[in-house]
Protein chains: 2
Amino acid sequence: MSRSKRKITINDIARLSGVSKKTVSRVINDSPKVRERTREKVMAVIEEHGYTPDPQARALALRRSSLIAMVYDNPSPQYVVTMLRGILDVLEGTSFQLVMKPVDRRSDSYRQDVLRFVEQQRIFGAIMPPSVSEDQELIDMVAGAGCRHVRIASVVLDTPENTVKTHDSDGAAQAARHLAELGHRRIAHIRGPKMFRSSHERLRGFKEVLVEYGIKLDSKLILEAGYTFDTGAQRATELLRMKNPPTAIFTGNDEMALGVYNAAQKAGIRIPDDLSVVGFDDTPIASRIWPNLSTVRLPIREMGKAAAELLIRDRQPARSSPLPYVSFSPSLVVRKSTAPPP
Amino acid sequence: MSRSKRKITINDIARLSGVSKKTVSRVINDSPKVRERTREKVMAVIEEHGYTPDPQARALALRRSSLIAMVYDNPSPQYVVTMLRGILDVLEGTSFQLVMKPVDRRSDSYRQDVLRFVEQQRIFGAIMPPSVSEDQELIDMVAGAGCRHVRIASVVLDTPENTVKTHDSDGAAQAARHLAELGHRRIAHIRGPKMFRSSHERLRGFKEVLVEYGIKLDSKLILEAGYTFDTGAQRATELLRMKNPPTAIFTGNDEMALGVYNAAQKAGIRIPDDLSVVGFDDTPIASRIWPNLSTVRLPIREMGKAAAELLIRDRQPARSSPLPYVSFSPSLVVRKSTAPPP
DNA sequence: AGGCTAGGGGAAACCGGTGTCATTTTCAAG
DNA sequence: CTTGAAAATGACACCGGTTTCCCCTAGCCT
């Protein structure tokens, strides 16, 4: 193979196949108005020389780059990397590339910052996992800049389009149902911060199951924490000190479940013998810690795939699958942290 | 602020400040051959309209994009995300963007794949953490394509340039010394796979300390595992079943240390009372698990920063700091998994 | 005062694609 | 064999920068 120093361009292809560069352009863009004979002739030359159009030049002409941005605000590293894999599963082989844009929603300039970024780089599309996906104002700004977007969200947001939904309430319901089936009746829930939609959804699913099993809701058993280890441990300590403590705790994420482990350890309470625990997320720690944590797993990689396909669907030559999914269900992973109540 | 629909270009600036576009180009590129008076005039117009040059156009003209790639093969998500933060700390405010390129070194087409990617996208520079950084052939290919690179590595590699070094052996030495100081004399080491340079470095630091404390090397106490939870647990089980088991185990990473926890748990051996454990990496799990794991922490974010600065140093207007660092030392984090031998 | 040198500045081409619109080809109908 | 309209193709400008090369001007020397 002759790897000459200069990259081969559309002009070379045009010259070599005896057509104008515009026709070559039509061929590589699958324009319908090219005669079959011509197309084949041009394609042959393209194949022969392994030509691929220059993304930069194309970006300039189209006033739109082939960059896809992942805009996120501090989800767990596991989440970020897994979703990234899913996205790249789809982008692989296309000319799209993934650029990372971590943001801090607490900063008040963050929307401006994202907007500048998107305009400056002429980003093709943005993928936004929670909690960025919940910022409707940002979404509007980004869309206004002519940048596509797909949101990952646990609920239907203000505008239902461009969203990959995760049925968080269902996941929570599976967790709660598992505990109820084991015979637990005093089940506590340590929920995440009210500012995250996911925490509402998970709480909702939890409550539904209580109703389903005719368990009376005890508001003292539903505490709010910050989705962190420390706050989780704190709330757990409070729960375990109650005169009539719960026999099971379902937490809004794994991080807080580990806090529960910690509190239980300190209080000399054994898991699962004295206390059952279920988390949410299936982080790697869940299967490393002892006893292995039962938890709810989200198909994050699949969600990333779906998001990417949604984003590029009408740009790239239609892929085989007809993009059937927009909604994903979590699954309960039962491990060793749950048992019948003592 | 007047956000007109059309973006302002170099032509607008040239017209408005009464000079040619080439002169504007000179100004934005800090060319020395512009009279001070002219520069100020042009800068004023640029400021007034908040003009920034279009990255795509510039990329086309320069035949070099402003994309920095992170090429990695499956380090821990924590590692990836933390390094990414460090890199973006530096890239923030520049026109550089970070694109992700996960690879699989076991695939035999992976070098070709990376090369195509780098050529196609005209990547400005690549940052390669271990173990990709250890693939000299890939490095050569990438460099040959006119793409800069910086490697993150635990040792001096074949070519010492463009490398951010981490003193892994020193970290291991700190860990071993801590155990020796506590009085341990039968100290085992579960090392990582021989194919990773880091595992050699860590072993080396470990051995140095044994010599330092006059502890005779017992080859049965040095086992190789796969840097994974399962293999770590396996080796630990073997160690604990010895007729004269070690009183302390230093593992090549945290993941394997968790395996040790698991094995100890199953064998009814208490940490740290019966067995001390030290890991390497300071993953989030280390401070979540019970008892908290003593481990060695790498300044990953700082390393990411250094790598990025190294990469773009002579392109961007010199930043304040004179890039003093190329080598980083880990630090031992003492937690609850270590105690004097029983 | 005239001539020389060097640096500031500009016109035009170029990077590698796409859009517009005119022109040529093709082919069915007359 | 025309004719005409639709289909296919091409010429050329343009996207927004940089590079090449040449000209102009100012300052210095003789």
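All chains are named by letter (A, B, ...) in the order of the sequence lines, taking the proteins before the strands, and each is independently numbered beginning at 1.
For D:dT9, neither phosphate oxygen OP1 nor OP2 lies less than 4.0 angstrom from any side-chain nitrogen or oxygen of A:Ser20. A close approach under 4.0 Å does occur between a side-chain nitrogen or oxygen of A:Thr38 and OP1 or OP2 of D:dT9.
Mapped onto DNA chain C by nearest heavy atom, B:Thr23 and A:Tyr51 fall at different nucleotides, with B:Thr23 at the one closer to the 5' end. Between B:Asn29 and B:Arg26, the residue anchored nearer the 5' end of DNA chain D, judged by the nucleotide with its closest heavy atom, is B:Asn29.
A distance-only check finds a donor-acceptor pair linking the side chain of B:Asp12 to the backbone of B:Thr9 [under 3.5 Å]. Looking at A:Arg148, its side chain does come within 3.5 Å of a backbone N or O of A:Leu311 through a donor-acceptor pair. Distance alone, capped at 3.5 Å, places no donor-acceptor pair between the B:Ser25 side chain and the B:Lys21 backbone. The backbone N or O of A:Ile68 lies less than 3.5 Å from no partner atom in the side chain of A:Gln97, so there is not a single donor-acceptor pair.
In this entry the distance linking CZ of B:Arg35 with P of D:dA26 reads 8 Å, nearest Å. Following rounding to the nearest Å, A:Asp12 (CG) and C:dG16 (P) show an atom-to-atom distance of 8 Å. For the pair B:Gln56 CD and C:dG16 C1', the interatomic distance rounds to 13 Å; values are reported in whole Å. The interatomic distance linking A:Arg15 (CZ) with C:dG17 (P) rounds to 13 Å, in whole Å. With rounding to whole Å, A:Ile10 atom CD1 is found 8 Å from C:dG16 atom C1'. Note: NZ (B:Lys33) to P (D:dT19) measures 12 Å, nearest angstrom.
Residue A:Val24 is out of contact with every strand shown, counting any heavy-atom pair closer than 4.0 Å.
Salt-bridge annotation for A:Arg122 and B:Asp54: present, with a side-chain N of the basic residue lying under 4.0 Å from a carboxylate O of the acidic one. Checked for salt-bridge contact, A:Arg111 and A:Asp135 meet the test: a charged N lies under 4.0 Å from a carboxylate O.
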Result block: side-chain N/O donor-acceptor pairs under 3.5 angstrom for residues 32-47 of chain A, not counting sequence neighbours:
{"residue": "A:Arg39", "atom": "NH2", "partner": "A:Ser31", "partner atom": "O", "Å": "2.9"}

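Between the side chain of B:Arg58 and the base of D:dG16 there is no donor-acceptor pair of N/O atoms closer than 3.5 Å.
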Check the interface with nucleotides 12-15 of chain D: list each N/O to N/O pair with the protein under 3.5 Å, or write none.
none

